[in-house]
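Each chain gets a letter, A, B and so on, in the order the sequences are listed, and its residues count up from 1.
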Protein chains: 2
Amino acid sequence: MKVVLACDLGGTNLRMALVSKDGEIIYQLNDETPKEKEEIIKRLTLLASMCSSEAQKIGYEVKALGIAAPATLNSKEGIILEAPNVPALNDLPICTILEHNLGIKCFLENDANAAAIGEQYFGAAKGVNSLLMITLGTGVGGGIILDNKLWCGADGTAGEIGHIVVEPMGAPCGCGSRGCLEQYSSASAIVRMAKEMRIDYPESILYSKLFFSAKEVYEAGKKGDKLALKVFEQMGFYLGIALAGLINVLNPEAIVIGGGASKGWELFIPHTIEQIQKRAYKQPAQRAKLLKAKLAEMAGVLGIAKITFDKISSVAMPNI
Amino acid sequence: MKVVLACDLGGTNLRMALVSKDGEIIYQLNDETPKEKEEIIKRLTLLASMCSSEAQKIGYEVKALGIAAPATLNSKEGIILEAPNVPALNDLPICTILEHNLGIKCFLENDANAAAIGEQYFGAAKGVNSLLMITLGTGVGGGIILDNKLWCGADGTAGEIGHIVVEPMGAPCGCGSRGCLEQYSSASAIVRMAKEMRIDYPESILYSKLFFSAKEVYEAGKKGDKLALKVFEQMGFYLGIALAGLINVLNPEAIVIGGGASKGWELFIPHTIEQIQKRAYKQPAQRAKLLKAKLAEMAGVLGIAKITFDKISSVAMPNI
């Protein structure tokens with residue numbers, strides 16, 4: 001059987017897997033993402049080699065390696081351009097290097113784009129032709145599929161849904177702008193908003209905690225903590241503002257919402273839906289199904305596997 | 001020679017023209033758009049017949065009629081759905097009716113979509129593959145061309161750039177939302193903002209005028225009137241907010257800006273560019289050229305002509 005190596009190279013975690021054409025994960029290795037460029041390359045080479053050996057043992061043929069990275073990138077040339085959360089990857093011609101190290105063809109795609117393809121082929125959006133994927137993680141990522149094709153834009157940088165402005169004079173964003181969606185609907189935004197707003201909620205469980213995570217805000221919210229509920233209301237409100245705009249502009253069939261912070265679904269989604277109903281045109285608003293992502297942390301791996309299979313079937317494979 | 005009838009059915013004006021395949025306007029009739037449904041149909045039938053007679057006289061063969069309408073619509077079925085500025089058109093199966101009256105095939109497209117195609121083939125964006133068209137008129141319309149294809153969305157309602165939220169708690173919009181781009185960057189918004197802000201500008205030419213138009217605000221601005229300049233600053237600021245988001249999400253090659261209110265270009269565009277530079281990612285911001293529309297009020301007519309030629313060359317023509 002033919003398989004591909006599929007790698008999700010995240011800011012914190014690194015996943016390398018052998019994946020079959022129908023999305024079956026045959027073998028998988030997880031690791032932490034090293035901080036230094038050389039270490040990252042070494043680790044990727046090692047994990048890929050280990051997976052390849054495993055494949056050989058069980059008689060599978062490894063056709064290529066696909067890498068999903070949290071970065072703007074030049075997919076055609078296989079070069080990572082800017083990776084705000086893993087700066088070591090900036091300007092890295094990762095495909096050329098790994099092709100040299102591993103002797104197999106290597107492909108590169110943005111992680112949110114890969115997740116979009118993953119959810120479309122193997123997850124929540126099976127059978128949907130046009131969809132937006134939004135990942136509410138440390139940041140907010142996005143992928144756009146129109147008529148079954150990833151829309152990457154003129155430079156391959158499209159899909160930055162997290163950097164739609166939803167509050168013109170709002171919180172400063174790492175991208176240099178202010179009031180980006182990412183500042184209201186990401187895991188880090190949940191923590192920031194809770195810290196900013198807690199002065200008005202002395203009765204909150206979170207009032208006097210030195211440190212807490214988005215998960216703790218969620219757990220407080222589940223227990224009825226008013227501060228936490230207000231935070232998720234804000235998160236859902238601004239997500240709704242951004243989605244209403246995207247629905248009016250792109251009229252997609254579905255919007256898949258994933259990422260760690262999407263676990264707070266029942267606390268924020270009613271506010272998101274309220275804003276969409278108030279603000280988007282009726283027909284496209286009714287059309288756009290809001291779907292909870294199904295593949296969790298495997299969306300990137302499965303998506304880049306699918307993309308890699310498509311690439312090797314569409315290009316003539318040189319012997320390298 | 002083969003020609004098509006191309007009609008721009010606007011909220012105020014109605015244009016019917018004989019257009020050749022290379023965008024030459026051979027004959028043209030202008031009229032006002034009647035208020036009643038029956039009157040509109042009668043007028044369209046009359047103008048189309050007059051143009052057809054003219055074509056016959058000079059030996060041209062009329063192949064079909066294309067209509068551009070300021071509405072959400074079902075292009076496939078030829079039905080207008082919602083036309084906020086010409087409510088008489090709501091739910092009108094305009095193609096079936098005109099095909100019956102005229103005996104030629106009839107096609108329908110949104111006016112901003114038609115203008116986008118017009119500017120791409122005959123105007124400011126020749127040779128550009130992926131572009132956004134924004135018309136700053138009474139309202140703010142939009143058209144999206146990705147990889148040389150009009151992106152109309154799952155229901156044909158895509159492109160409503162005017163209804164991106166740029167100020168969550170901003171001015172109420174006719175669409176039911178608040179703070180839409182249309183409320184800040186349209187001709188009507190210019191007048192509204194000037195009226196709201198003039199209390200702080202007693203020295204303004206506009207301070208004590210009972211009625212004034214967007215054009216008068218522009219003329220005041222050209223003379224250095226501070227109120228007028230502030231209004232255009234606001235207009236450009238919010239346009240920049242919306243465009244920065246679209247650049248991050250869609251990474252287009254160009255953005256064509258047209259419509260009556262775009263005549264204030266030199267007063268608002270510096271503020272638009274400032275926001276884009278501050279807020280959009282560097283690479284896609286550099287890529288997206290801001291282009292002034294070239295075809296003015298003829299963009300719709302020329303675009304729907306091009307669309308109509310494409311349709312008749314791609315479908316088998318039934319005898320009707």
Among A:G245, A:G176, A:P284, A:A242, which has the most heavy-atom pairs under 4.5 Å with chain B?
A:P284
Which of the residues B:D147, B:T157, B:T72 is involved in the greatest number of heavy-atom pairs with chain A at under 4.5 angstrom?
B:T157
Which atoms of A:V165 approach chain B - backbone, side chain, both or neither, heavy atom under 4.5 Å
both
Please round to the nearest 0.5 Å and tell me the distance separating atom CG of B:L146 and atom CG of A:L250.
8.0 Å
Turns out that what part of A:L181 lies under 4.5 Å from chain B's heavy atoms comes down to neither
Chain A contact via B:C173 - which portion, at a heavy-atom distance below 4.5 Å:
neither
Distance, nearest 0.5 Å, that separates SG of B:C175 from CZ of A:R279:
9.0 Å
Check each atom of A:C180 against the heavy atoms of chain B and say whether the ones under 4.5 Å are side chain, backbone, both or neither.
neither
Keeping the roles fixed (side chain from A:N251, backbone from B:D155), state whether a donor-acceptor pair exists under 3.5 Å.
yes
To the nearest 0.5 angstrom, please state how far the NE2 atom of A:H163 sits from the CD1 atom of B:I247.
14.5 Å
Within 6.0 Å of CD in B:E233, more than 12 heavy atoms from elsewhere
yes
Taken to the nearest 0.5 Å, the spacing of B:L246 CG from A:I164 CD1 works out to 8.0 Å
To the nearest 0.5 Å, what is the distance between CD1 on B:I241 and CZ on A:R178?
10.5 Å
As an exercise: rank A:A280, A:G162, A:G142, A:A154 by heavy-atom pairs under 4.5 Å with chain B and give me the winner.
A:A154
Under 4.5 Å from any heavy atom of chain A, what part of B:V249 do you find: side chain, backbone, both or neither?
both
At a 4.5 Å cut-off on heavy atoms, which part of B:K149 comes close to chain A: side chain, backbone, both, or neither?
side chain
Chain A contacts: which residues in residues 127-135 of chain B have a non-hydrogen atom closer than 4.5 Å to it?
B:S130
Do B:Q283 and A:L81 come close enough that some side-chain heavy atom pair is under 4.5 Å?
yes
Does the side chain of B:S177 come within less than 4.5 Å of A:K278's, by heavy atoms?
no
Just wondering, more than 12 heavy atoms not from B:K294 lying within 6.0 Å of its NZ?
no
Mark yes when over 12 heavy atoms from residues, nucleotides or ligands other than A:K37 sit less than 6.0 Å from its NZ; otherwise mark no.
yes
Just verifying a value: how many Å separate B:W151 CH2 and A:I144 CD1, rounded to the nearest 0.5 Å?
10.5 Å
